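Read the structure below first, then the notes.
Just so it is clear, the structure is predicted and the values come from calculations on it, not from any experiment.
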Amino acid sequence: MHRKVNAAASVPTAVAIVSKRKKAEPALNSSSFLITCNSNKTEAALAALPGARETWERNIGAIFGDPYPLLKMAPRHEALGVGEFKHVPMHLIRGIEVDIAFETSDKFHRLHAHILVRVDHYTFLQVNLGVLHDIFRDFPDEITRETYVNCKLVRDAGTHAKVENYLSKRPAV
């Protein structure tokens, strides 16, 4: 007696096997950005404006208190077109740490801040300098409005450790 066996029912197909596997979690990346904000004001100029230094330091703290709006997806992200920038969806950010230190430079005696922003994330991202410049320009006080901002990606753990060590020796917010 012959029995007919439905081969498709008894042997899982490749599609069925693939669908049972868990999808791989995307790799968690960690990026650090060193942002320097220069007031371009000397201690003497700040002393002539009562409360100016404290206002500037408070404004810097407020801007970087929530750095999430300052981040953007990098244009090489596969979902985006060339030159296109978008805000990073919150679910792609695992955590953000911010360290801020203020100092007056030894050479030019100008007040500036060093901000180290460390982001744990699942995508390519950058600091959106255009948004950051707009935020500074919208402040009512002249010192904050005229602040020069520069941002550098801290590429390796050794440099990150040096920057953290440098910031730990400066007055923090």
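The line from OH of Tyr122 to CG of Asn29 is 9.5 Å long, rounded to the nearest 0.5 Å. For the atom pair CG of Leu49 and CD of Glu142, the computed distance is 7.5 Å after rounding to the nearest 0.5 Å. Distance CG/Asp99 to CG/Leu34: 11.0 Å, rounded to 0.5 Å. Atom OG1 of Thr36 sits about 7.0 Å away from atom NZ of Lys152, to the nearest 0.5 Å. Taking CG of Asn128 as the reference point, atom CD1 of Ile135 lies at 9.0 Å (rounded to 0.5 Å). The line from CG of Asn38 to CG of Leu111 is 8.0 Å long, rounded to the nearest 0.5 Å.
Using a 4.5 Å cut-off on side-chain heavy atoms (C-beta onward), Val127 and Val117 make no contact. Two residues are said to be in side-chain contact when any heavy atoms from C-beta on lie closer than 4.5 Å; Lys41 and Glu146 meet this criterion. The closest side-chain heavy-atom distance from Phe124 to Leu92 is not below 4.5 Å. For the pair Phe64 and Leu132, the minimum side-chain heavy-atom distance is below 4.5 Å.
Under a 3.5 Å cut-off, the side chain of Thr147 and the backbone N or O of Cys37 do not form any donor-acceptor pair. Put simply, the side chain of Arg118 never gets that close to the backbone of Ser32: no donor and acceptor are under 3.5 Å apart. Checked by atom type and distance alone, the side chain of Ser31 never pairs as donor or acceptor with a backbone atom of Val119 at under 3.5 Å. The backbone N or O of Ser39 lies less than 3.5 Å from no partner atom in the side chain of Arg110, so there is not a single donor-acceptor pair.
Taking the six-membered ring where tryptophan is involved, the planes of His112 and His114 are perpendicular, since the angle between them exceeds 60° and thus also 30°. The aromatic rings of Phe102 and Trp56 lie perpendicular to each other, with more than 60° between the two planes, well past the 30° mark.
Counting all heavy atoms, side chain and backbone alike, Phe139 lies closest to Ile63 at CE1-CD1, 3.5 Å. Looking at every heavy atom in both residues, Leu46 comes nearest to Ala52 through CD2-CB, 4.1 Å.
With 3.5 Å as the limit, one finds no donor-acceptor pair spanning the side chains of Thr55 and Asp141.
Clustering ILVMFWY residues whenever any of their side-chain heavy atoms sit less than 4.5 angstrom apart, transitively, puts Leu116 in a cluster other than the one holding Tyr148. Residues Leu125 and Leu129 share a single hydrophobic cluster, defined by chaining ILVMFWY side chains whose heavy atoms lie under 4.5 Å apart. When the side chains of ILVMFWY residues are joined at heavy-atom separations under 4.5 Å, either directly or via intervening members, Phe108 and Ile143 end up in two distinct hydrophobic clusters.
Counted within 6.0 Å of CZ on Arg94, heavy atoms from surrounding residues, nucleotides or ligands total 12 or fewer; the atom is thus considered open.
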